[in-house]
Chemist: 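Got a structure for you, written out below as structure tokens; questions coming shortly.
As the structure lists them, so they are numbered: ligands from 1, and atoms in each ligand from 1.
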Amino acid sequence: MARYVGAERALAVSSGTAAMQIALAAAGIGPGDEVITTTMTFCATAHVIHHAGATPVIVDVEPDTLNIDPAAVARAVTARTRAIMPVHLYGHPAEMDPLLDLARAHDLIVIEDAAHALPATYRGRVVGSIGPLCAFSFYATKNLTTGEGGMLTGTHALVDAARPWTRHGIDRDRQAASGTKDSWWYDVVLPGFKCNMSDIMAAIGLRQLEKLDAFHERRIAIAAAYSKAFADVPQLQVPTERPHVRSAWHLYALRLHLDRLTIDRARFIEELRLRHISASVHFIPLHHMRFYVDVYGLSASNCPVAEREAARLLSLPLHPLLTDHDVDDVIETTREVARDFAR
Ligand SMILES: Cc1ncc(COP(=O)(O)O)c(C=O)c1O
């Protein structure tokens with residue numbers, strides 16, 4: 001995996017969530033610290049900040065990609081900020097250069113949530129080799145899967161600091177340093193978690209890694225077919241891919257022009273379901289989640305762009321095992337619903 005993305009080091013773990021959790025631990029983030037992340041993500045990104053004892057500071061997104069807005073991040077930096085956690089939403093890389101510039105200027109660490117972004121590139125650099133720490137997910141639905149699983153990539157120093165956090169903080173190496181050779185000896189150097197990847201998961205992952213480029217090509221082809229077919233449908237807005245990135249196309253997030261439809265997003269999804277097409281929503285923003293509203297006081301006024309855009313999102317089926325017939329079926333059905341309920 002380190003070779004594949006061009007990282008100095010890679011550390012296999014039990015989930016994408018675990019990869020983010022040990023990244024925060026390795027970076028020494030804890031109580032009193034603030035970590036800036038985006039409202040357009042799965043709850044795990046913010047949960048790990050909360051579990052570290054730090055405060056998640058949730059900011060708004062850019063209107064085209066729905067990725068974290070670097071200008072909003074800049075406004076949110078305080079004396080207590082320690083890290084920025086961008087999410088490469090749907091597999092489209094966030095704007096890493098301004099985020100890394102901000103991090104340098106304020107002495108922050110960037111920990112990427114790349115759960116969706118294998119394989120993706122940003123200005124010719126592969127995600128996983130760009131920032132100091134980057135977390136991937138190998139959950140069942142992801143572009144590469146080990147059933148459950150994840151990977152942390154990054155610099156030698158930070159990934160080595162993260163390693164003992166995966167196995168109870170156990171250290172057997174000191175023995176070598178101190179000259180003792182007892183096979184049973186170990187020390188516990190920190191209160192680590194238990195989140196290593198098993199050999200069985202790794203065996204699946206190695207085989208998946210060989211197939212990853214072919215999987216990715218298929219995802220690109222399906223996304224291109226959808227975007228071509230929906231380009232002339234006034235009720236639909238297709239996802240963007242900025243010219244300097246290559247998306248991993250983990251998800252295909254369509255946006256509805258609700259003012260040109262007689263039905264809302266929920267009914268659109270229901271009409272697709274009645275025609276045997278399963279769509280979903282990625283994501284209901286964090287500022288709608290009761291825990292984050294109650295504990296961190298989030299509201300729509302914090303994130304006006306996400307508030308507006310999230311209401312008209314839906315994700316169409318996208319995975320490498322879709323046949324051309326399946327893809328045509330999704331296209332025809334989606335166009336039909338848009339046409340049947342056009343205002
Ligand atoms: C954006 C994002 N971050 C993190 C995760 C967590 O990954 P995992 O399920 O491997 O813990 C997910 C999804 O599952 C995700 O979609």
Chemist: So which protein heavy atom does atom 16 (O) of ligand 1 come closest to, and at what separation?
Modeler: His116 NE2, 2.8 Å
Chemist: Counting only heavy atoms closer than 4.0 Å, does ligand 1 sit against the backbone of Thr17, its side chain, both, or neither?
Modeler: both
Chemist: Measure the shortest side-chain to side-chain distance between Glu34 and Arg80 over non-hydrogen atoms and say whether it is less than 4.5 angstrom.
Modeler: yes
Chemist: Is it the side chain (CB and beyond), the backbone, both or neither of His282 that lies under 4.0 Å from ligand 1, heavy atoms counted?
Modeler: neither
Chemist: If you apply the rule ring pair (Phe, Tyr, Trp, His ring centres under 6.0 Å), what do you find for His282 with Tyr90, and how did you get there?
Modeler: CA-CA 8 Å; His282 299 88; Tyr90 311 141; 7.2 Å; no
Chemist: Between Asp264 and Arg267, is there a salt bridge with N-O shorter than 4.0 Å?
Modeler: no
Chemist: What donor-acceptor contacts under 3.5 angstrom involve side-chain atoms of residues 9-22, with partners at least two apart or in another chain?
Modeler:
from, atom 1, to, atom 2, distance (Å)
Arg9, NE, Asp160, OD1, 2.8
Arg9, NH1, His156, ND1, 3.0
Arg9, NH2, Asp160, OD2, 3.0
Ser14, OG, Cys195, O, 3.3
Ser15, OG, Thr17, N, 3.4
Ser15, OG, Ala18, N, 2.9

Chemist: Whether the side chain of Thr41 engages the backbone of Thr38 through a donor-acceptor N/O pair (distance < 3.5 Å, no angle test) should be reported.
Modeler: no
Chemist: Can you confirm, on distance only, whether ligand 1 has an N/O atom lying under 3.5 Å from any N/O atom belonging to Thr41?
Modeler: no
Chemist: Please confirm whether the ring centroid of Phe42 lies under 6.0 Å from the ring centroid of His47.
Modeler: no
Chemist: Tell me the protein heavy atom at minimum distance from atom 14 (O) of ligand 1, and give that distance in Å.
Modeler: Lys142 NZ, 2.9 Å
Chemist: What is the nearest protein non-hydrogen atom to atom 4 (C) of ligand 1, stated with its residue, atom name and distance?
Modeler: Asp113 OD2, 3.4 Å
Chemist: In this structure, is the centre-to-centre distance between the rings of Phe291 and His50 below 6.0 Å?
Modeler: yes
Chemist: Taking 4.0 angstrom as the limit and counting only heavy atoms of Gly149, give me the atoms of ligand 1 inside it, by number and element.
Modeler: 10 (O)
Chemist: Provide the number and element of each atom of ligand 1 under 4.0 Å from a heavy atom of Phe42.
Modeler: 2 (C), 5 (C), 12 (C), 13 (C), 15 (C), 16 (O)
Chemist: Under 4.0 Å from ligand 1, counting heavy atoms only, is it the side chain of Glu148, its backbone, both or neither?
Modeler: neither
Chemist: Find all atoms of ligand 1 within a distance of less than 4.0 Å from any non-hydrogen atom belonging to Phe283, and give their numbers and elements.
Modeler: 16 (O)
Chemist: List the atom pairs, donor and acceptor, that lie under 3.5 Å between side-chain atoms in residues 250-258 and the rest of the protein, sequence neighbours left out.
Modeler:
from, atom 1, to, atom 2, distance (Å)
His250, ND1, Asn143, OD1, 2.8
Tyr252, OH, Ser227, N, 3.3
Tyr252, OH, Ser227, OG, 2.8
Arg255, NH1, Pro63, O, 2.8
Arg255, NH1, Glu309, OE1, 2.8
Arg255, NH2, Pro63, O, 3.3
Arg255, NH2, Asp64, O, 2.6

Chemist: So between Ala19, Ala44, Ser137, Cys195, whose heavy atom ends up nearest atom 10 (O) of ligand 1?
Modeler: Ser137
Chemist: Any carboxylate oxygen within less than 4.0 angstrom of a Lys/Arg side-chain nitrogen, looking at Asp340 and Arg335?
Modeler: no
Chemist: Is it the side chain, the backbone, both or neither of Ser15 that has a heavy atom closer than 4.0 Å to ligand 1?
Modeler: both
Chemist: Give yes or no for whether the N/O distance cutoff of 3.5 Å, strictly under, is met between Gly16 and ligand 1.
Modeler: yes
